[in-house]
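Working notes for the structure below.
In what follows, chains are A, B, ... by sequence order, proteins preceding strands, each numbered from 1.
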Protein chains: 2
Amino acid sequence: MASKELQVLEDYIVQNKLKITKQRRAVLNAFLECEKHVSAEELYNQVTLTDPKVGLATVYRTLALLTQSGLAADLDFGDGQKRYEHTYMHSHHDHMICTECGKIIEFNHPLIEKFQEEVASRNGFTITSHKLDMFGLCSECR
Amino acid sequence: MASKELQVLEDYIVQNKLKITKQRRAVLNAFLECEKHVSAEELYNQVTLTDPKVGLATVYRTLALLTQSGLAADLDFGDGQKRYEHTYMHSHHDHMICTECGKIIEFNHPLIEKFQEEVASRNGFTITSHKLDMFGLCSECR
DNA sequence: GTTGCTGCAAAGTGTTTGCACCCTG
DNA sequence: CAGGGTGCAAACACTTTGCAGCAAC
């Protein structure tokens, strides 16, 4: 089955005169199967389950491609490695990160967004992206 | 002159049976003179202007000390290196980061904080810290 | 067949650590 | 004078890059 995401990636690839390869498909598929916030290493482990010969460098290179084509976005929760999340057909959200168990709760609050815009325009600032991370303890770790 | 910050650092050092050294004083002083969001490297360059023999490792180690004693906090603007900001006698604030010129505007919006608390408690989440970074263009770069 | 892609290993980047010597308390 | 602190260099963790062969168009 050709997912919508594969379509997006191939469109991007064709438009930029790049090439569609099975490694790129494999990384994309693994990414789509992965849970929300994967690191490059985790994705690499996932990919090599089905395609053992794919290299870590290719995973990094393909993640860059996914980011450029709008399918993924990189996050930094301050643990020393970038994490990637799905962005295609996913609306913006922020994160609560449990510092005990690592659980991540996603949320979105329209009023927070609204006040962000307000404070930005008051400073003549044009927002292109933002991120709000709240660190603490989830209900189970409290 | 013995700044309040020096007092805080020395208190922390004494309480933890550590030792006050001229390197630690030098790093603290350089940190206090620095603008808001310094990287370890920048601070190292600053320190070595007056104390050429201080090593980069000592700067890192002292920054850890400053963080533990509550004088500094580390930030991550996603540029691949940690930055440190003053926290002593500074209230919490968030950041607008101009992706063009690197300018950082600090702000605080009580209502944003309030809604953060609200959304957290609704999820049974206890916030210990949070950060909100907005990326975009400042008034001069627009 | 041209040009981009891959895997590998090597190089980079920012940060941490091991160690012998030094200095504070 | 004991035990932590320092500078140096090596080690680290994660990511990027150079290159020769390979595959897509």
Side-chain angles (χ1 to χ4, degrees), chain A residues 6 9-31 37-69 72-84, chain B residues 6 9-31 37-69 72-84:
Chain A
L6 181 55
L9 178 60
E10 298 201 347
D11 283 356
Y12 179 86
I13 287 178
V14 170
Q15 278 168 32
N16 290 73
K17 297 193 170 70
L18 305 176
K19 292 175 181 173
I20 298 165
T21 65
K22 63 174 179 309
Q23 287 92 332
R24 286 177 175 174
R25 272 196 254 257
V27 173
L28 173 60
N29 282 327
F31 177 66
H37 309 95
V38 226
S39 66
E41 192 88 34
E42 286 164 1
L43 186 54
Y44 170 68
N45 292 333
Q46 183 70 27
V47 173
T48 48
L49 291 181
T50 51
D51 294 66
K53 301 225 306 262
V54 173
L56 181 55
T58 297
V59 172
Y60 275 104
R61 288 187 275 230
T62 306
L63 277 170
L65 218 49
L66 294 183
T67 304
Q68 290 156 28
S69 61
D74 43 29
L75 305 170
D76 193 333
F77 294 142
D79 63 342
Q81 57 183 18
K82 281 184 194 158
R83 301 192 158 268
Y84 297 82
Chain B
L6 181 56
L9 178 61
E10 299 201 345
D11 284 356
Y12 178 85
I13 287 177
V14 170
Q15 278 166 32
N16 290 73
K17 300 191 167 70
L18 304 176
K19 293 174 178 174
I20 297 165
T21 64
K22 62 175 180 310
Q23 287 91 333
R24 287 179 174 173
R25 272 196 253 257
V27 173
L28 175 60
N29 282 328
F31 177 66
H37 308 96
V38 225
S39 66
E41 191 88 34
E42 286 164 2
L43 186 54
Y44 171 69
N45 292 333
Q46 183 69 28
V47 173
T48 48
L49 291 181
T50 50
D51 293 66
K53 299 223 309 264
V54 173
L56 180 55
T58 298
V59 172
Y60 275 104
R61 288 187 275 232
T62 307
L63 276 170
L65 218 50
L66 295 182
T67 304
Q68 290 155 30
S69 61
D74 43 28
L75 304 170
D76 192 334
F77 294 142
D79 63 342
Q81 58 183 18
K82 281 185 194 158
R83 300 192 157 268
Y84 297 83

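Every side chain to side chain contact (heavy atoms under 4.5 Å, CB included) that B:Ala40 has, sequence neighbours left out, goes to B:Tyr60, B:Leu63. B:Phe77 meets the ring pair (Phe, Tyr, Trp, His ring centres under 6.0 Å) test with B:His37, B:His95; sequence neighbours excluded. For A:Tyr84, there are no ring pair (Phe, Tyr, Trp, His ring centres under 6.0 Å) partners, not counting sequence neighbours. A search for side chain to side chain donor-acceptor pair (under 3.5 Å) contacts involving A:Asp11 returns A:Gln7, not counting sequence neighbours. Legend: residues meeting salt bridge (Lys or Arg N to Asp or Glu O under 4.0 Å) with B:Asp79, ordered by chain and number and at least two apart, are B:Arg83. For the side chain to side chain donor-acceptor pair (under 3.5 Å) test, no residue two or more places apart in sequence or in another chain qualifies with A:Gln81.
The two residues B:Leu9 and B:Ser69 have their closest heavy-atom pair at CD1-OG, 4.1 Å.
Judged by closest nucleotide on DNA chain C, B:Asp79 is the one of B:Asp79 and B:Leu18 placed further toward the 5' end. Toward the 5′ end of DNA chain D lies the nearest nucleotide of B:Arg24, the other residue of the pair B:Tyr44 and B:Arg24 mapping further downstream.
Screening residues 47-62 of chain A for salt bridge (charged side-chain N to carboxylate O under 4.0 Å, His left out), with sequence neighbours left out, gives no hits.
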Using a 3.5 Å cut-off and no angle test, enumerate the donor-acceptor pairs between side-chain atoms of residues 17-26 of chain A and protein atoms at least two apart in sequence or in another chain.
residue: A:Thr21; atom: OG1; partner: A:Arg24; partner atom: N; Å: 3.2
residue: A:Arg24; atom: NH1; partner: A:Lys19; partner atom: O; Å: 2.7
residue: A:Arg25; atom: NH1; partner: A:Glu10; partner atom: OE2; Å: 2.7

Review point. Could you run down nucleotides 17-24 of chain D 5' to 3' and tag each one B, S or - for protein heavy-atom contact under 4.0 Å?
Key: BB----BB
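The side-chain heavy atoms of B:Thr62 and B:Leu28, taken from C-beta on, include no pair separated by under 4.5 Å.
Taking the C1' atoms of five terminal pairs at each end of the helix from C:dG1-D:dC25 to C:dG25-D:dC1, the two resulting helix axes are inclined by 30°, rounded to 10°.
Using a 4.0 Å cutoff to heavy atoms of chain B, the contacted part of DNA chain C runs 5' to 3' from C:dG14 to C:dG25.
Summarising the geometry, the separation between CD on B:Gln81 and P on D:dT15 is reported as 16 Å, rounded to the nearest angstrom.
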